[in-house]
Each structure stands twice: as C-alpha cells, then as structure tokens.
Amino acid sequence: MASVVGDRLRLVVKVLGGLVADEVGLGARLRGRTKRDARSPAEDTDASAGSAGSEQRRAKAVRQALESLGPFYVKLGQILSTRPDMVPESIRDELQNLHDEVDVQPFSEFEPVLARDLGPDWKLRFDDIQTAAPLGAASLAQVYRVTLPGGRAAVVKIQRPGIREGVLADMALMRRASRIVARVAPRFNEVIDIEAMLGSVFDAMEPELDFTGEARNMDEAREHVRPFRSLEVPRVLHATPRVLVQSLADGKSVRHVDRAHFTDAERVEIGKDLLRFMYHGYFVHRFFHADPHAGNVFAAPGGPATLIDWGMVGRLDRRTSLQLLPLFMTLAQNDGAGLAQHWAEMGRVTPWANMPAFAADMAAFVPKVSHLSLEDMNFGVSLTTVLAKATKRGIGSPPAVSLLGKSFANLDGSVRCLAPEITLPEVFQAEVPKILFALGREFLGRNQFARNSMELLLAAVTSPEQVRGVLSDVANRQFALNIHEPRTPAAMGGQRPTRPSGGLLALGAAAFLLGRRRSG
C-alpha cells in the first residue's frame with residue numbers, strides 16, 4: 001500500500017503542480033494586461049476575448065487533469081462544480097462536463113476478477129455473456145449484459161483490476177492535504193472544513209469499492225421505494241467485493257428518451273415520484289442516492305422507471321436531516337430571512353459572520369426562484385447561490401452540503417429530462433404532510449419515545465424551576481417558541497468577512513507540499 005501511495009503522490013503532485021504553475025502564470029499575464037494604459041476600444045475588446053479564451057483553456061485543462069487522475073478526482077471535481085465558494089465560475093461550468101467514462105478494456109482483463117470472486121467455474125453461472133461490447137464502461141468498473149440459466153436477462157458489473165488500491169491511496173493523500181490546508185489557511189478552513197467535506201465523500205464512495213456494500217444499499221433502497229409505484233430499484237442476484245450481478249433495467253437513460261413516447265400523465269408521475277422518493281430519503285430515511293443523474297435513471301413507456309448505480313449514497317444524521325426540512329419549507333414558502341436563519345443553524349457562524357447581511361441576501365434571492373418550474377430554474381444552481389452567499393458572509397456550511405448539493409443538482413436534471421414543467425416547491429409542499437406523519441411515528445416509536453422521556457426526566461432533575469415554568473405556560477396556553485439569531489459579535493461591529501481563496505489552488509499547493517515532505 002505504501003508503494004501505491006507513493007506512486008499516486010508523484011502523479012498527483014505532477015498533475016496538480018502543473019495546474020498551479022499554469023494558474024500563477026495566467027495570473028501574472030492578466031495582471032500585466034491591467035497595467036497597460038491608453039488602449040483603444042478595439043484593443044480592449046481583443047484583450048477581453050483573449051482573457052476569456054485563456055479562462056476556457058484553463059478550465060478545460062483542469063477538467064482533463066482530474067479525469068486523468070481517475071475516479072476519486074472525477075467525483076471530487078463533480079462536487080467542486082457545485083461549490084462557488086471554492087471554484088470560479090468558468091471552471092465550475094467546465095467541471096459539470098466531467099464524466100466517469102474511460103476507454104473500454106478488453107473482457108480478458110476482467111476474467112481474472114471473475115475467477116477470483118466467483119470461482120474457476122464462473123462461466124457456469126451464465127448461459128451467455130456479451131463480451132464484445134460492455135453496456136457501460138466507467139473508471140471503476142465495466143458492465144456487461146448476461147443471460148442467466150433459464151433465460152433471464154441480467155447485468156454483471158466487474159471492478160477494474162487494482163482500482164480499489166489506487167482510490168484508497170488517493171483518499172489517504174487528500175486527508176493529508178486537507179490537514180495542511182487547515183494549518184496554512186485557518187480562516188478558510190473555519191468556513192469550509194475541507195477534511196470534514198472529504199470525509200463525507202469518502203463515506204459515500206466506500207460501497208463503490210466493495211460491491212457487497214452497494215448490494216446492501218440496493219436492498220435498503222428497494223424497501224424505501226415500495227410506496228412509489230412508478231419507481232423501482234434493481235434486484236441483487238449475487239454480490240462479491242468485486243462482482244455484482246443484478247436484474248436488468250428496462251428502457252434507456254432518461255437523457256435519451258423521447259418524451260413523445262410517454263403520456264403526459266406517465267412522465268409527470270415518474271418525475272414527481274422521483275422527487276418524492278428523494279425527499280423521503282433526505283428527511284425520513286436519511287439515506288439517499290448521491291448521484292441520481294439522468295444516466296442513472298432508466299425509463300420505458302408503460303412501466304416503472306429504474307434508479308440504478310447505488311454505489312454512492314449519502315447518509316444524514318437525525319439532527320442535520322431535521323434542520324434541512326424547515327430550510328426547504330422556507331424556500332417553498334418564499335421566506336428568505338427564514339432560509340438564512342435555518343442555514344446558519346445547520347452550519348456554523350464564524351466570529352466575523354454578518355448574519356443581517358446574509359438574511360438580506362436571501363430575502364432578495366428567494367422570491368426570484370420560489371415559484372419557478374424546472375424549465376426555468378436549476379435547483380442545484382440555486383443551492384450553490386445560497387452556499388456562495390453564506391460563505392461570503394462568514395457562515396460555515398455543514399460538510400453534508402457538498403454531497404447534498406451534488407444529489408440535488410443531479411436530481412433536478414433527471415426530472416427536467418422527463419417533466420420540465422414540474423415545480424419543485426409545489427411537489428415538496430404536497431409531500432410535507434406525509435413526511436411529518438412519518439417523523440411523528442418515529443418520534444412516538446418505542447426507542448425514540450424512551451429517549452425523549454429520558455431527556456425530559458433529566459431536564460426535570462437538573463432544572464425543575466424551568467420545567468415547572470414551561471408546564472405552567474402550557475396550562476395557561478401561553479407557550480410560544482422563540483427563535484433567536486446566532487450571536488455574531490463581528491456582524492454587529494460591521495467587520496467584513498474575507499472571501500476564501502480558490503479551493504482547487506489550495507488543494508494543489510497541499511499536494512505539492514506533501515511531495516516536498518515525502519522527498520525531504
């Protein structure tokens with residue numbers, strides 16, 4: 001493992017170090033241009049066009065570099081594409097084009113994996129396997145169509161040889177890099193906790209490195225999807241750490257379907273069910289598909305849509321999930337100030353935060369998007385706007401936001417492919433009573449009820465006067481819930497928060513420092 005880490009370190013330092021050098025050089029050239037005086041309008045136009053071209057070339061170079069580094073950095077780049085507080089707009093736009101497709105390897109490269117995980121007689125498990133061309137080829141695995149004994153169609157997903165070790169080495173390197181960023185840029189880390197953010201990504205990616213974990217995710221998701229009749233999850237037929245056999249999804253990706261082949265009622269119901277299912281994942285089950293892009297949603301006229309690829313999932317703790325629910329409600333109810341309050345409570349208020357300014361930002365932003373359909377609004381972009389404003393005002397966002405942002409952005413893109421006329425807040429508000437009912441049942445469940453009772457008894461013992469006062473207020477029907485803004489001493493003093501530097505540069509510099517330390 002140590003040699004793998006060393007090899008990956010040298011490659012990462014070379015690639016990211018090159019990007020940092022290019023960035024410094026571009027910055028010097030742009031600064032040189034701004035010092036020139038007395039240019040004609042034509043020269044200004046040419047300079048502007050040249051600058052835009054340089055930005056596009058830089059953004060493309062970043063995307064290609066991340067793709068060349070492999071699946072972990074592709075996932076990281078996809079998340080960075082939703083972080084305007086870390087990455088400039090030109091690079092974010094290009095990172096949205098990141099794909100996890102690589103050159104197809106011959107099937108012979110995967111036969112040893114099948115033999116190791118399924119045994120030397122693995123061919124007896126299938127009547128046929130279409131080895132000439134895989135159904136899909138990604139950096140972690142290739143997928144082939146198979147026919148099982150008895151004639152049933154299925155797919156087999158086979159992990160690329162040696163990919164697990166490389167990804168684990170990348171994770172180890174990025175953990176070290178995040179600690180360096182925390183030390184050299186403490187103010188940046190106060191608002192954006194890189195190590196915690198990466199931790200949530202690592203946890204979500206873990207089942208992609210061991211298909212038995214992905215199989216468990218699919219089994220869990222299948223139980224949760226039962227109430228949504230227009231959706232289904234593939235059935236696991238066999239799973240080992242590197243081989244996964246599952247039922248074949250009908251139809252094709254919603255990215256390529258023709259809406260005209262579906263009835264309006266059919267495609268709208270699929271879109272709404274997809275939203276409902278994900279809402280229940282965020283707020284009730286606290287388990288959600290972290291990568292529900294259009295390529296992972298298959299649909300065919302006359303049948304349910306299938307949500308595939310459960311290797312990357314997010315899990316929320318109860319507190320974060322409960323805090324996220326009212327945040328969605330404030331957006332649906334056009335309450336910008338309320339959204340700002342709940343965002344701050346879910347995240348972290350730094351000593352230099354300006355909470356009144358953030359509330360004003362949200363009061364101006366939310367009315368512009370709360371009524372729009374998916375045809376006119378990109379929810380993922382809206383979320384990143386809130387994130388950018390929060391960071392600018394010194395409000396640290398919770399680590400889960402990165403994975404949630406990726407999930408949100410992919411979700412509305414998938415629904416837009418089928419039913420762009422759907423309005424997210426409308427679907428959400430209609431689903432809120434069911435969500436609250438499910439949460440109420442959980443609250444009154446045996447285990448949770450016992451915990452709540454114990455907390456009440458503890459409060460009664462430690463603060464009897466306060467409990468008696470509350471009970472008196474309830475008896476007199478004078479009980480009210482008061483919500484106070486987080487204390488922000490710096491905000492009252494008008495201290496202006498400092499915008500963090502580019503996260504990509506920071507990570508590149510950290511990789512360079514890691515290389516220096518290892519070679520020193």
Side-chain angles (χ1 to χ4, degrees), residues 70-71 74-75 99-167 205-222 225 231-253 255-256 289-300 303-313:
V74 168
K75 300 291 186 186
H99 57 80
D100 196 22
E101 297 177 358
V102 296
D103 293 336
V104 174
Q105 286 186 310
F107 181 76
S108 58
E109 297 287 331
F110 294 88
E111 287 192 76
V113 180
L114 289 169
R116 184 172 62 235
D117 278 39
L118 301 183
D121 60 346
W122 65 267
K123 292 182 179 179
L124 299 179
R125 294 176 177 266
F126 311 110
D127 277 356
D128 180 56
I129 178 167
Q130 297 182 6
T131 61
L135 291 176
S139 52
L140 282 171
Q142 286 185 188
V143 179
Y144 295 87
R145 183 182 179 119
V146 298
T147 303
L148 302 177
R152 181 181 181 183
V155 297
V156 58
K157 183 176 181 179
I158 313 169
Q159 192 175 102
R160 290 182 181 273
I163 196 69
R164 174 183 171 85
E165 291 75 14
V167 173
M205 282 190 68
E206 193 172 317
E208 293 192 291
L209 304 178
D210 183 340
F211 291 163
T212 61
E214 182 172 352
R216 287 192 295 272
N217 289 342
M218 291 168 68
D219 289 339
E220 184 174 351
R222 197 177 310 106
V225 85
L231 297 179
E232 65 180 14
V233 173
R235 185 168 296 279
V236 177
L237 305 178
H238 187 74
T240 70
R242 297 172 182 82
V243 177
L244 177 63
V245 184
Q246 63 187 58
S247 58
L248 177 68
D250 291 333
K252 56 185 176 181
S253 158
R255 182 181 290 123
H256 304 299
H289 199 304
D291 205 15
H293 60 74
N296 284 338
V297 183
F298 276 58
T306 307
L307 195 53
I308 67 169
D309 196 359
W310 286 87
M312 191 173 191
V313 303

Within a strict 4.5 Å, meaning less than it, do heavy atoms of the [X] and [Y] side chains meet?
| X | Y | answer |
| --- | --- | --- |
| R222 | V236 | yes |
| P241 | Q159 | no |
| V155 | Q246 | yes |
| F211 | D117 | no |
| R125 | H238 | yes |
| M312 | P207 | no |
| V297 | S253 | no |
| R164 | E208 | no |

Kindly compute the distance separating [atom1] ([X]) from [atom2] ([Y]), expressed to the nearest 0.5 Å.
| X | Y | atom1 | atom2 | answer |
| --- | --- | --- | --- | --- |
| R242 | L114 | CZ | CG | 12.0 Å |
| D309 | T306 | CG | OG1 | 13.0 Å |
| L118 | L124 | CG | CG | 11.0 Å |

On the 0 to 90° scale, with breaks at 30° and 60°, tag the F110-Y144 ring pair as parallel, tilted or perpendicular.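 If you compare the ring of F110 with that of Y144, the planes turn out perpendicular.
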Can you name the nearest heavy-atom pair linking [X] to [Y], along with the distance?
| X | Y | value |
| --- | --- | --- |
| P234 | S247 | CA-OG, 3.4 Å |
| N296 | D291 | ND2-O, 2.8 Å |
| I308 | G295 | CD1-O, 4.1 Å |
| I163 | L140 | CG1-CD2, 3.7 Å |
| L307 | P292 | CD1-CB, 4.4 Å |

Counting distance only, does the side-chain N/O of [X] pair as donor-acceptor with the main-chain N or O of [Y] below 3.5 Å?
| X | Y | value |
| --- | --- | --- |
| Q142 | K157 | no |
| D128 | V146 | no |
| H289 | A221 | no |

For F298, is the NZ or CZ atom of K252 found under 6.0 angstrom from the centre of its six-membered ring and inside 45 degrees of the ring axis?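 No cation-pi geometry.
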Before accepting this row, confirm whether a basic side-chain N of the pair E109/R160 lies closer than 4.0 Å to the acidic partner's carboxylate O.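 The answer is no: the pair does not qualify as a salt bridge.
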One thing to verify: whether D219 and R235 come together as a salt bridge, which I'm taking to mean a side-chain N less than 4.0 angstrom from a carboxylate O.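 Answer for the salt bridge query: no.
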Within the supplied structure, the quantity of interest is the number of heavy atoms (other residues, nucleotides, ligands) at a distance under 6.0 Å from E206 CD; does it exceed 12?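 Count not over threshold, so no.
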